Every structure is written in structure tokens, then in C-alpha cells.
K.L.:
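The structure follows.
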Amino acid sequence: MNKLRTDATRFAPLVVAFILCTGVAAPAWAQQTVAMTEAQVRATLEAKGYTEINDIKFGDGVWKADARSADGNRVDVRLDPATGEVYPDEQVAQLSERDVHAALAAQGYTNVHDVDYEDGIWNAEADDPAGKDVELKLDPRTGKVIGKEKD
């Protein structure tokens, strides 16, 4: 049994890479579905050099975990559930609040409000293109919506 667990742990990052590269995961628009499993989240973080990974959970449209970064610091991370992109809480935003408003408008969102930068990603509330009130999580570099839940 221990050998089986070791083999599964060793190959998990390859499985995650295959899924992410081939597009087998859910389509990008299906942000509310959990395209990754908890095991895939752990494997993705380990492949990127994170250790001591704890408290993995899905909420607010993104995966969340506590971990130790490659430089030994404790960090909170968020992961895009469709792509596996990792967003550590210590990164600096490359977009301004005005940029976030513009990016959301370009993606069809209206009535954008309560925009703030927290834990390495932008957060906002808005009406989606269908007119529904949603809470959003955005990539801090591009403004792309990476997580969406009903408000």
C-alpha cells in the first residue's frame, strides 16, 4: 500500500500537467465548477515548489491553501480552478482599481463595486452579462475572471 501511495504521489504532477495542457479540465467559462480535485491542487502546489501544504478548500470560486513557499515563508495561495494558476498572497498587483473596472467592463460586467486587492488577487462585485449579482476573483496581472459565485 505504501508503494502504491508513493507511486501515485510521484505521478500526480504529471497527471495535472496532462489535464492542464490538453484542456481536459472544464472550460474556462465554467468558473463555478470545481475542475480540479484536492489531490490535483496539492500536486500542482508541490510541482511549483510549495511544501507543508495545509487547509486546502474550495470557496469563493477558487481553491485556497496554506503552504510554505520555496524561500521558506508561510503563504496563503489561491488557485484558478480551471487552469491551476497559483496566486500567492504576497504578490504585488500589476493592475490598478481603474484597470480592474475596465477589464470587467470589457468582459461584459456592469455595476462594478467593492473592488479590493487581497491575498494576491483582485476581488469585486458586479452584475454579470446575464444581469446576475456576482462576487468575482480576478487575475492580478490580466484582470481575467478566475472565480465567480452568486452574491
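Because the structure is a prediction, the values reported are computed rather than measured. Residues: numbered from 1 along the sequence shown.
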K.L.:
Could you tell me the separation between the CG atom of D99 and the CG atom of L104, rounded to the nearest 0.5 Å?
P.N.:
11.0 Å
K.L.:
Which is it for Y117 and L95 under the side-chain contact (heavy atoms from CB on, under 4.5 Å) test, yes or no, and what are the steps along the way?
P.N.:
CA-CA 10 Å; Y117 185 75; L95 299 176; over 6 Å; no
K.L.:
Would V112 and E125 count as a side-chain contact (heavy atoms from CB on, under 4.5 Å) if you check the C-alpha gap in whole Å, the side-chain angles of each, and the deciding distance to 0.1 Å?
P.N.:
CA-CA 6 Å; V112 177; E125 293 185 27; over 6 Å; no
K.L.:
If only atom types and distance count, is the side chain of E149 paired as donor or acceptor with the main-chain N or O of D60 below 3.5 Å?
P.N.:
yes
K.L.:
Dump the intermediate steps for side-chain contact (heavy atoms from CB on, under 4.5 Å) on W63 and M36, then the final yes or no.
P.N.:
CA-CA 9 Å; W63 279 100; M36 299 176 75; 3.8 Å; yes
K.L.:
Just verifying a value: how many Å separate D66 CG and I56 CD1, rounded to the nearest 0.5 Å?
P.N.:
9.5 Å
K.L.:
Looking at D80 and K144, is there a salt bridge between them, counting it only when a charged N and a carboxylate O are closer than 4.0 Å?
P.N.:
yes
K.L.:
Could you tell me whether a side-chain N or O of Q107 sits under 3.5 Å from a main-chain N or O of G143, the two making a donor and an acceptor?
P.N.:
yes
K.L.:
Looking at every non-hydrogen atom in both residues, tell me the closest pair between A82 and A35 and how far apart they are.
P.N.:
CA-CB, 4.1 Å
K.L.:
Where is the tightest heavy-atom contact between L79 and G84, given as atom of each residue plus distance?
P.N.:
CD2-O, 3.9 Å
K.L.:
Would you mind writing out the side-chain donor-acceptor pairs for residues 130-140 within the sub-3.5 Å range, not counting sequence neighbours?
P.N.:
| residue | atom | partner | partner atom | Å |
| --- | --- | --- | --- | --- |
| K137 | NZ | N123 | OD1 | 2.6 |
| D139 | OD1 | R141 | N | 2.6 |
| D139 | OD1 | T142 | N | 3.1 |
| D139 | OD2 | Y87 | OH | 2.7 |

K.L.:
Measuring from atom CH2 of W122 to atom NE2 of H101, what distance do you get when rounded to the nearest 0.5 angstrom?
P.N.:
8.5 Å
K.L.:
Just how far is it from atom CG of N54 to atom CZ of R68, taken to the nearest 0.5 Å?
P.N.:
9.5 Å
K.L.:
Measure the spacing between OG1 of T51 and CD of E46 and express it to the nearest 0.5 Å.
P.N.:
9.0 Å
K.L.:
Are the side chains of E38 and K57 in contact, using a 4.5 Å heavy-atom criterion?
P.N.:
no
